[in-house]
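Written out below as structure tokens is the structure these notes cover.
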Amino acid sequence: MSEETPKSKHFIRQIIEDDIAKGLDPKDIITRFPPEPNGCLHIGHAKAFCLDFGMALEYGGKCNLRFDDTNPAKEENRFVEAIKEDVRWLGFDWEDRLFYASDYFEDLYNYAIELIETGKAYICTLSPDEFKEYRGIPGKPGKDSPFRNRPAAESLDIFRRMRAGDFKDGEYVLRAKIDMTDPNLHMRDPAIYRIKHSEHIRTGNAWCIYPMYDFAHCLSDASERITHSFCTLEFEVHRPLYDWFIENTSMIKKLKVQPRQYEFARLNLSHTMMSKRKLQQLVEEKIVEDWDDPRMPTLSGMRRRGYTPQAIKNFCEEIGVTKFNSLTQIALLEHCVRADLNKVATRRMAVFDPLEVEIENWEEGKTDWLEGVNNPEDEGAGTRMVPFSKHILIEKSDFMENPPKKYFRLCPGGEVRLRYAYIMKCNSFVKHDAGEVVKLLCSVEHDSRGGNAPDGRKIKGTIHFVSSEHAVRAKAKLFDNLFTKEDMTNLAEGEDFKAHLNSNSLVEAEIFVEPSLQEAKAGTPFQFERNAYFTLDPKPADGLVFNRTATLKDSFSK
RNA sequence: UCCCUGGUGGUGUAAUGGUAGCACAGAGGAUUUUGAUUCCUUUAGUUGGGGUUCGAGUCCCUACCGGGGAACCA
């Protein structure tokens, strides 16, 4: 289903093409997608890995999946599995290239020793607060740590004992010796190893010292011979460090191509909250079912809600890649979802708010099975049989006692086409005591079977229906756009984001669907004609539960 | 305050120094057995000011505005 839409020539493509022009063999291009397993992936991550995997594939290279597991305090194995599932779902294959930063712990330790031996790293005894003083502030240079000139032998000894577990958390830290006056604060002797007596998801208790991101990431990249390392804008100021560790260790001698870091703007989506911390809060406080609640902007939530991988990939291609902090409107995502669903969703009829109709000129107990196409956009989708009988249900809103001018559905004395079935005329109606119309008495034109008038006259209105005796009860869960009433990007510091959640973000409805839906498979997209796109909830439930994926565009109001 | 970045219609993005294009959203219309889809038409833009140039969204200077940076997080 790859679209032949022209691809935007964003700056990443330009960079890669320049490298190729300078002699880089496209087959040597290696990128990586490096999530930290401390939460589930969301739509923002999709942008990142569509870029990582997408660029490698597009130019004939490879992309590795690497878990950045350098902080055992935050990471969990269940997230590793969830992330793998999400990546697979989006259709990306890392083949045998699944890595963990922890694969390199021994190597990283040795590179750290190398730095100590060459006088480029030292053990510092300053506490975090004390070092803050020495680091200085933007605009003001810092001053050297009193331990900066600790002899290498002594640092080495302490570092080895750190590893051996001789010290408590925070007692010592290994720092790179760079420049305490650098205007970039990250270059002022950053910590590269800290003591952390914490069980790691993969190495267990083998280590009690762990490398920092800045030290681990670039050297992990280099170990995997990554050529292009993409990350978000906030790492821009870390880039000199990325290069420094590679260039100041023996790693540089092993490389044919030095990995380079390139930054791009992260995704901001209107009406969508993407802070991992806040999403976690929703899960913990049970405001949502779990990370895969269909209202969540997580990939697992979107999957459960019925979003297709193709729609998400198209969206990621559509938004492009820049270094500009923008706010993408959710309408674009919804457009991509509808556009893909329109092509692939199986059409079915479902009545949400039923109005009884009796066909006066139809024999009691007689059923006519009519053929309905499964998807007018896809010839190969085939057909299914739809039952018609004397008692049917139509949508309450498809009948009006006193219709306005442009209303072309049913009204007293008016006629309408029942989709796939017959042309039907409303003879009379029955009202409740309260004045509510509760039943229509109609007749069908027997010669119009299939929906065409024998005299060739045009029927403007076509409505959907289900046969009462054949109808299947189901539940529909209706969701508003991803969770928040308004843009969350301007939320004030400390402001309670929960006040901005959609109050009616989940509405449940009892609906009547055609019998063929009894065999619906979880995850397959359906379009309930003239209503919305739905998918059967994959979580076990009593009876059929459909999640609303997206609404149809509605031009009723025009 | 200092450093790093960035600024193209309402929104998201294109344009070796040479006609500012595409998509979403909006508006109008045609087709339609889904008031969907599809198709056509249309509204709307280079942050301001200087400079270089035959010619500037693009290069230079400057102002303004936005984002990031002072974790033993990633």
Side-chain angles (χ1 to χ4, degrees), chain A residues 5-10 34-36 38 68-71 73-75 101 124 126-128 131-132 135-142 169-175 182-188 190-196 209-210 212-214 216-217 231-240 263 265-266 270 276 315 318-336 338-339 342-343 347 349 372-373 376-377 406-409 417-421 423 450-452 458-464 527-533 551-558:
Chain A
T5 45
K7 300 238 167 90
S8 138
K9 185 65 162 276
H10 52 64
E36 183 187 15
N38 66 345
D68 229 333
D69 54 349
T70 56
N71 186 358
K74 290 182 165 186
E75 294 145 9
C124 183
L126 253 22
S127 72
F131 188 73
K132 226 170 152 177
R135 181 166 40 222
I137 54 167
K140 292 241 171 65
D169 287 10
E171 246 179 285
Y172 292 103
V173 65
L174 181 67
R175 294 191 181 284
D182 197 299
N184 181 348
L185 266 47
H186 291 274
M187 296 300 273
R188 323 245 258 229
I192 59 183
Y193 260 95
R194 77 281 212 191
I195 302 171
K196 207 163 212 155
I209 56 171
Y210 292 94
M212 300 290 292
Y213 165 87
D214 284 314
H217 200 91
C231 62
T232 46
L233 246 26
E234 68 266 28
F235 291 99
E236 222 158 12
V237 283
H238 295 243
R239 196 192 323 134
E263 309 85 15
R266 64 172 352 122
S270 73
K276 227 183 227 179
F315 170 72
E318 205 61 44
I319 56 177
V321 181
T322 63
K323 303 186 78 141
F324 177 63
N325 295 286
S326 56
L327 178 61
T328 299
Q329 293 176 342
I330 191 110
L332 182 59
L333 175 61
E334 288 171 342
H335 164 81
C336 291
R338 286 194 192 100
N342 178 54
K343 284 187 295 189
R347 269 57 170 182
M349 293 197 282
V373 297
E377 307 288 324
K406 284 277 182 65
Y407 186 81
F408 33 82
R409 282 162 284 161
R417 175 188 295 111
L418 293 169
R419 186 136 161 92
Y420 308 125
I423 292 170
N452 289 310
K458 297 256 180 193
I459 306 294
K460 182 72 175 154
T462 301
I463 65 172
H464 58 276
Q527 185 199 79
F528 293 164
E529 292 181 82
R530 307 210 319 119
N531 193 303
Y533 293 101
T551 54
L552 255 42
K553 251 187 157 174
D554 172 28
S555 45
F556 265 27
S557 42
K558 277 196 204 170

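Throughout, protein chains are lettered first and strands after them, A, B, ... in sequence-line order, and every chain is numbered starting at 1. FYI, side chains are in, hydrogens and waters are out, and symmetry mates aren't considered; it's all heavy atoms of this structure.
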When you get a sec, tell me which of B/U37, B/A74, B/A23 is the closest nucleotide to the side chain of A/Leu332?
B/A23

When you measure from the side chain of A/Pro376, which nucleotide among B/G12, B/U34, B/U13 comes out closest?
B/U34

Please confirm whether the shortest side-chain N or O distance from A/Arg419 to OP1 or OP2 of B/A36 is below 4.0 Å.
no

Interatomic distance where CG belongs to A/Leu126 and P belongs to B/A71 [whole Å]
14 Å

Is A/Thr462 reaching over with its side chain to a backbone N or O of A/Arg419, donor-acceptor style, under 3.5 angstrom?
no

Regarding B/U37, can its base be found pairing with the side chain of A/Arg338 as donor and acceptor, where the two atoms are less than 3.5 Å apart?
no

In plain terms, say whether A/Lys74 and A/Glu36 are close enough for a salt bridge, that is, a side-chain N and a carboxylate O under 4.0 Å apart.
no

Determine the contact category for A/His217: base if any of its heavy atoms lies under 4.0 Å from a base atom, sugar-phosphate if only primed atoms, P, OP1 or OP2 are that close, otherwise nothing.
nothing

Among A/Asp169, A/Asn71, A/Thr70, the one residue meeting side-chain hydrogen bond (donor to acceptor under 3.5 Å, both in side chains) with A/Lys196
A/Asn71

NA contact type, A/Glu36, heavy-atom cut-off 4.0 Å: base, sugar-phosphate, or nothing?
sugar-phosphate

Measuring only the C1' atom in each nucleotide, how far is B/G45 from B/A25? A whole number of Å is fine.
15 Å

Report which part of the nucleic acid A/Lys276 touches: base, sugar-phosphate, or nothing (heavy-atom distance under 4.0 Å, all strands).
nothing

Below 4.0 Å: OP1/OP2 of B/U34 and any side-chain N or O of A/Thr462
no

With heavy atoms under 4.0 Å as the rule, sort A/Val321 into base, sugar-phosphate or nothing.
sugar-phosphate

Nearest-Å distance for atom pair CD/P, residues A/Glu234 and B/U5
16 Å

So A/Met349, base contact, sugar-phosphate only, or nothing? Heavy-atom distance under 4.0 Å.
nothing

Report yes if at least one side-chain N or O of A/Lys553 is closer than 4.0 Å to OP1 or OP2 of B/A25; otherwise report no.
yes

Out of B/U13, B/U32, B/A74, whichever nucleotide has its closest atom nearest the side chain of A/Arg194
B/A74

Using a cut-off of 4.0 Å on non-hydrogen atoms, how would the nucleic acid contact of A/Phe131 be classed: base, sugar-phosphate, or nothing?
nothing

Out of B/C72, B/A23, B/G10, minimum distance to the side chain of A/Glu318 belongs to B/A23

So what does A/Asn184 touch, heavy atoms closer than 4.0 Å: a base, only the sugar-phosphate, or nothing?
nothing

Pairwise P distance, B/C24 and B/A20 [rounded to whole Å]:
23 Å

Assign A/Gly320 to base, sugar-phosphate, or nothing according to its heavy-atom contacts below 4.0 angstrom with the strands shown.
nothing

Are OP1 or OP2 of B/A71 and a side-chain N or O of A/Lys132 less than 4.0 angstrom apart?
yes

Look at the side-chain N and O atoms of A/Lys196 and state whether any lies under 4.0 Å from the OP1 or OP2 oxygen of B/C73.
yes

More 5' along RNA chain B: A/Tyr407 or A/Glu171, using each one's nearest nucleotide?
A/Tyr407

Mind checking side chain to side chain donor-acceptor pair (under 3.5 Å) for A/His238 and listing every partner two or more places apart, or none if nothing turns up?
A/Asp214

If you draw the axis of the six-membered ring of A/Phe131, does the NZ or CZ of A/Arg175 fall within 45° of it and under 6.0 Å from the ring centre?
yes

Calculate the interatomic distance between A/Phe315 atom CZ and B/C24 atom P; express it in whole Å.
14 Å

Should B/G26 form a Watson-Crick or G-U wobble pair with both distances under 3.5 Å, which nucleotide is its partner?
B/U42

I need the minimum non-hydrogen distance between A/Gly136 and A/Leu185, along with the two atoms involved.
O-CD2, 4.5 Å

Report yes if a donor N or O on one partner sits less than 3.5 Å from an acceptor N or O on the other, where the partners are the side chain of A/Gln527 and the base of B/U34; otherwise report no.
yes

Quantified in whole Å, what is the P atom distance between nucleotide B/U42 and nucleotide B/U8?
25 Å

Can you tell me how far P in B/U46 sits from the matching atom in B/G9, rounded to whole Å?
7 Å

Rounded interatomic separation in angstrom, taking NE2 from A/His238 and C1' from B/U5
14 Å

Is any side-chain nitrogen or oxygen of A/Thr328 closer than 4.0 Å to OP1 or OP2 of B/U11?
no

Short side-chain N/O contact to B/C24 OP1/OP2 from A/His335, under 4.0 Å:
yes

Do A/Leu552 and A/Phe528 touch side chain to side chain, with heavy atoms closer than 4.5 Å?
no

Looking at A/Arg530, I'd like to know whether one of its side-chain N or O atoms comes within less than 4.0 Å of OP1 or OP2 on B/G35.
yes

Could you please name the option among B/A14, B/G69, B/U34 that lies closest to any side-chain atom of A/Val237?
B/G69

Could you tell me the separation between the CD atom of A/Glu377 and the C1' atom of B/U38, rounded to a whole number of Å?
7 Å

Review item, nucleotides 65-67 of chain B N/O atoms under 3.5 Å of protein N/O:
from	atom 1	to	atom 2	distance (Å)
B/G67	O4'	A/Asn325	ND2	3.4
B/G67	O2'	A/Asn325	OD1	3.3
B/G67	O2'	A/Asn325	ND2	3.0

A/Ser326 vs B/U11: side-chain N/O to OP1/OP2 distance below 4.0 Å
no

Would you mind classifying the nucleic acid contact of A/Arg347 as base, sugar-phosphate or nothing, using non-hydrogen atoms under 4.0 angstrom?
base

